[in-house]
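Heads up: the structure comes next, in structure tokens.
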2 protein chains.
Amino acid sequence: MHSFTEENYLKAIYKLMENDGPEVSTNAIAAHMNTRAATVTDMIKKLSAKKLVHYTPYQGVSLSTTGKKAALSIIRKHRLWEFFLVEKLGFRWDEVHDMAEQMEHIQSPELVERLDEYLGFPKHDPHGDPIPDAKGRLPETEAALLLSAQKGKKYKMSGVIDHHVLFLKHLDEIGLKPGCIIYVDQITSYDLSLQIRINGGKPLFISHQIARNILITSSR
Amino acid sequence: MHSFTEENYLKAIYKLMENDGPEVSTNAIAAHMNTRAATVTDMIKKLSAKKLVHYTPYQGVSLSTTGKKAALSIIRKHRLWEFFLVEKLGFRWDEVHDMAEQMEHIQSPELVERLDEYLGFPKHDPHGDPIPDAKGRLPETEAALLLSAQKGKKYKMSGVIDHHVLFLKHLDEIGLKPGCIIYVDQITSYDLSLQIRINGGKPLFISHQIARNILITSSR
DNA sequence: TCCAATATTTAGACTAATCTAAATATATAT
DNA sequence: ATATATATTTAGATTAGTCTAAATATTGGA
């Protein structure tokens with residue numbers, strides 16, 4: 001249906017749209033995809049001809065209904081495969097992105113639905129990101145930043161903002177991963193660093209830099 | 001490393017080489033891959049420049065050691081994914097080829113090894129084809145054709161020659177699939193058709209056409 | 001308002017994979 | 001042995017995706 005490249009553009013536009021609003025700039029896409037603005041313009045025209053995006057020259061681009069659906073389908077596959085890689089094959093959550101990046105392009109609606117069922121219809125991937133259902137609907141996700149946590153309370157880690165491998169690896173090393181319970185013992189007002197305990201373990205210091213990239217929900 | 005297209009050529013050359021001997025003709029590749037001879041010549045030159053094949057113009061092509069290794073790695077992945085699709089996701093053996101055709105190109109040595117382990121190191125895929133190990137070694141496979149079976153004996157179905165979907169689907173419908181036990185009750189010398197029973201079930205007539213495409217081993 | 005900085009698009013070119021048509025080599029049947 | 005049929009390669013063109021450099025549009029500050 002769509003080429004790998006087209007799928008990657010749709011996904012990129014979707015993610016940028018999620019963060020920065022519906023109108024996505026050529027340069028933002030170029031930066032996100034590590035290509036040149038001229039290349040992006042070419043591809044946007046193609047996606048526009050296929051009615052996957054709305055495009056007015058110089059005004060940025062936004063996903064059409066079909067484009068959004070396509071993007072969500074790719075994201076669904078990506079996240080289901082990530083879940084598979086962690087839960088079934090035993091990879092760590094910081095290892096699976098690049099593999100899923102390839103697997104998300106496998107074309108077979110039947111395969112996706114069977115995989116979903118096989119995995120027990122998970123709602124979130126190993127990073128805590130919501131998995132769209134077969135219709136492209138995202139599960140409700142109420143989440144706050146760890147830096148907005150209150151002293152003395154406990155929370156459940158529900159995901160991350162930053163998805164870079166080095167960040168994820170660091171979190172994994174200190175024992176932080178989605179699902180764990182975080183007890184907030186101290187908040188240093190000077191540098192906004194936190195002293196926490198994970199699942200009731202020993203105290204751990206978390207910088208503001210890290211706390212702003214961790215998502216939490218009320219525990220239970 | 002290699003493009004999808006290059007991988008598909010290597011696989012095609014491997015399969016043709018398996019059937020017709022080491023020297024594979026341009027036309028044979030073109031026919032197998034549904035392209036034109038001119039296209040094949042171009043690609044052969046590229047594979048030759050990469051030292052994946054040995055090539056003398058007008059004399060056909062053969063896989064180099066590296067080329068053969070690459071081909072076996074792709075076949076390994078294809079067959080492991082087929083096994084996964086049937087054993088874990090519950091697809092029928094006649095449904096999985098096209099999906100595996102896409103999955104075989106996923107690049108990640110670690111993923112393949114973990115998948116192999118997860119599946120319990122299977123030796124054969126759902127069609128009975130041998131799965132190369134991590135080093136590219138194929139398991140021993142002694143197999144005969146069903147048409148060479150003897151009256152009154154029983155055999156285990158070990159695979160198929162023809163891999164076309166319609167053939168596989170037909171076999172599945174009549175209950176023949178790798179692993180089943182075949183009792184040969186009668187052989188009609190006139191048309192070489194067979195009367196068999198599957199796993200001791202009710203009698204079934206098998207044409208010569210079908211019998212020549214089914215592989216068997218001695219039962220147990 | 002107008003100019004400079006920034007963002008975007010256009011023009012022209014490149015590579016990989018493919019094609020058709022023409023040229024050339026090999027094989028085969030009298 | 002030679003002509004004809006078949007197989008293969010070459011030449012030249014096409015499409016998708018990419019690039020650089022140049023042209024053009026938008027924006028924000030004086």
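To find a chain, count down the sequence lines: A is the first, B the second, and so on, and within it residues start at 1.
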Write out a two-atom table: protein N or O, nucleotide N or O from nucleotides 12-16 of chain C, distance below 3.5 Å.
residue : atom : partner  : partner atom : Å
dA16(C) : O3'  : Lys46(B) : NZ           : 3.3

Q. Does a nitrogen or oxygen in the side chain of Thr41(A) sit under 4.0 Å from OP1 or OP2 of dT9(C)?
A. yes
To the nearest angstrom, the CG-P distance between Leu47(A) and dA16(D) comes to 13 Å
Sorted by chain and number, sequence neighbours left out, side chain to side chain donor-acceptor pair (under 3.5 Å) with Asn213(B) holds for none
Here the salt bridge (Lys or Arg N to Asp or Glu O under 4.0 Å) pairs for residues 48-66 of chain B, sequence neighbours left out, are Glu6(B)-Lys50(B)
Does either side chain, that of His170(A) or that of Asp94(A), offer a donor lying less than 3.5 Å from an acceptor on the other one?
no
Residues pairing under ring-ring contact (aromatic ring centres under 6.0 Å, His included) where one sits in residues 110-136 of chain A, two or more places apart or in two chains, turn out to be Trp93(A)-His127(A), His127(A)-His163(A)
- Query: Does a side-chain N-to-carboxylate-O contact under 4.0 Å join Glu140(B) and Lys123(B)?
  - Reply: no
Note: contacts of residues 52-62 of chain A with DNA chain C (heavy atom, under 4.0 Å) are Tyr55(A), Pro57(A), Tyr58(A)
(request) Could you tell me whether Glu173(B) and Arg92(B) make a salt bridge, using a distance below 4.0 angstrom between a side-chain N and a carboxylate O? (result) no
| Using a cut-off of less than 4.0 Å, is there contact between a side-chain N or O of Arg36(A) and OP1 or OP2 of dT18(D)? | no
The complete set of salt bridge (Lys or Arg N to Asp or Glu O under 4.0 Å) pairs with one or both residues in residues 36-45 of chain B, sequence neighbours excluded, reads none
In short, side chain to side chain donor-acceptor pair (under 3.5 Å) pairs touching residues 18-30 of chain A with sequence neighbours left out are none
Practice item. Say whether, by atom type as modelled, one donor and one acceptor occur between the side chain of Ser193(B) and the main chain of Ser207(B) under 3.5 angstrom. Key: no
Neighbour count >12 (heavy atoms, 6.0 Å) for atom NZ, Lys15(A) = yes
Check: Does a side-chain N or O from Thr39(B) land closer than 4.0 Å to OP1 or OP2 of dC19(C), or not?
Finding: yes
Here the ring-ring contact (aromatic ring centres under 6.0 Å, His included) pairs for residues 17-72 of chain B, sequence neighbours left out, are none
Quiz item: OP1, OP2 of dT9(C) versus side-chain N and O of Lys45(A): anything below 4.0 Å?
Solution: no
Numerically ordered, the residues 25-34 of chain A set in heavy-atom contact under 4.0 Å with DNA chain C is Ser25(A), Thr26(A), Asn27(A)
Whole-Å distance, Phe4(B) CZ to dT18(C) C1', equals 18 Å
So the ring-ring contact (aromatic ring centres under 6.0 Å, His included) pairs with at least one residue in residues 63-88 of chain B (sequence neighbours excluded) are Phe84(A)-Phe84(B), His78(B)-His97(B), Trp81(B)-Phe84(B)
Across all chains, not counting sequence neighbours, the salt bridge (Lys or Arg N to Asp or Glu O under 4.0 Å) partners of Glu87(A) are none
Within residues 9-22 of chain A, those residues having any heavy atom closer than 4.0 Å to DNA chain D are Tyr9(A)
